[in-house]
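First up is the structure itself, then whatever we jot down about it.
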Amino acid sequence: MTKTLKSLSEEASKDVEQVSTKEALSLFKEGNTVFVDVREDHERAGSGTIPGAVHLPRSLLEWKLDCGDPNHRPEVFDAVRPIFFCGGGGRGLLSAKLAQEMGVTGARNLNGGFRAWVSFDGPLV
């Protein structure tokens with residue numbers, strides 16, 4: 001059976017908790033949340049990112065999450081509250097679902113992505 005982007009997104013929505021921008025900002029202020037930026041370099045270049053965010057481009061995510069890969073990023077696995085985000089929420093959702101499948105406990109998605117963070121006046125670097 002062939003899956004569409006819509007069906008993949010619907011499936012991920014059932015398994016991945018959506019975090020509102022307000023809740024994400026509160027968690028950011030508490031300081032015990034790891035934000036995972038899955039946007040590509042060219043997307044981040046002009047807009048910045050959330051302070052302290054781990055950059056794992058979606059195009060390299062499987063390699064960065066693979067414990068056997070030399071480019072593995074263990075801080076995502078060690079995080080109590082990993083929150084994935086992209087520009088608008090779609091890739092973040094799919095990335096959080098993939099992270100869960102690869103063993104990242106509690107991977108969640110920032111609903112509305114980076115654009116929602118910016119519109120909520122979240123801090124940037």
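Position 1 is the first residue of the sequence; numbering continues from there.
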Does any N or O in the side chain of Ser7 come within less than 3.5 Å of the main-chain N or O of Lys3, such that one atom is a donor and the other an acceptor?
no
When rounded to the nearest 0.5 angstrom, what distance separates CG in Asn109 from CG in Leu93?
5.0 Å
Using 0.5 Å steps for rounding, measure from the CD1 atom of Ile50 to the CG atom of Leu25.
9.0 Å
Do Lys97 and Leu94 touch side chain to side chain, with heavy atoms closer than 4.5 Å?
no
Is there a side-chain contact between Val125 and Pro51 in this structure, where contact means two heavy atoms from C-beta onward sitting under 4.5 Å apart?
yes
Does some side-chain heavy atom of Cys86 sit less than 4.5 Å from a side-chain heavy atom of Phe114?
no
Applying the 4.5 Å side-chain criterion to the ILVMFWY set and letting contacts propagate, would Val19 and Val104 be lumped into a single cluster?
no
For a 4.5 angstrom cut-off between non-hydrogen side-chain atoms, does Leu27 reach Arg81?
yes
Indicate yes or no: at least one non-hydrogen side-chain atom of Ile83 is less than 4.5 angstrom from one of Val36.
no
For a 4.5 angstrom cut-off between non-hydrogen side-chain atoms, does Leu65 reach Leu56?
yes
If we only count heavy atoms from C-beta on, is the Val54 to Lys64 side-chain gap below 4.5 Å?
no
Taken in chain and number order and not counting sequence neighbours, the residues that satisfy side-chain hydrogen bond (donor to acceptor under 3.5 Å, both in side chains) with Glu75 are Arg73
For the pair Trp117 (side chain) and Leu124 (backbone), establish whether a donor and an acceptor sit closer than 3.5 Å, ignoring hydrogens and angles.
no
Salt-bridge contact Glu43-Arg91 (side-chain N to carboxylate O under 4.0 Å)
yes
Give, for atom CD of Glu40 and atom OG of Ser59, the distance between the pair rounded to the nearest 0.5 Å.
3.5 Å
For residues 84-104, which residue pairs qualify under ring-ring contact (aromatic ring centres under 6.0 Å, His included), counting only residues two or more places apart or in two chains?
none
Rounding to 0.5 Å, atoms CG (Leu60) and CG (Asn71) come to a distance of 8.0 Å
I'd like to check Gln100 versus Asp15 (side-chain heavy atoms, cut-off strictly below 4.5 Å). Are they in contact?
yes
Scan for ring-ring contact (aromatic ring centres under 6.0 Å, His included) pairs involving residues 44-76, sequence neighbours excluded, and state none if there are none.
His72-Phe77
Should Glu10 and Lys14 count as an ion pair when the cut-off is N to O under 4.0 Å?
no
Pairing of Asp37 and Arg44 as salt bridge, 4.0 angstrom limit
yes
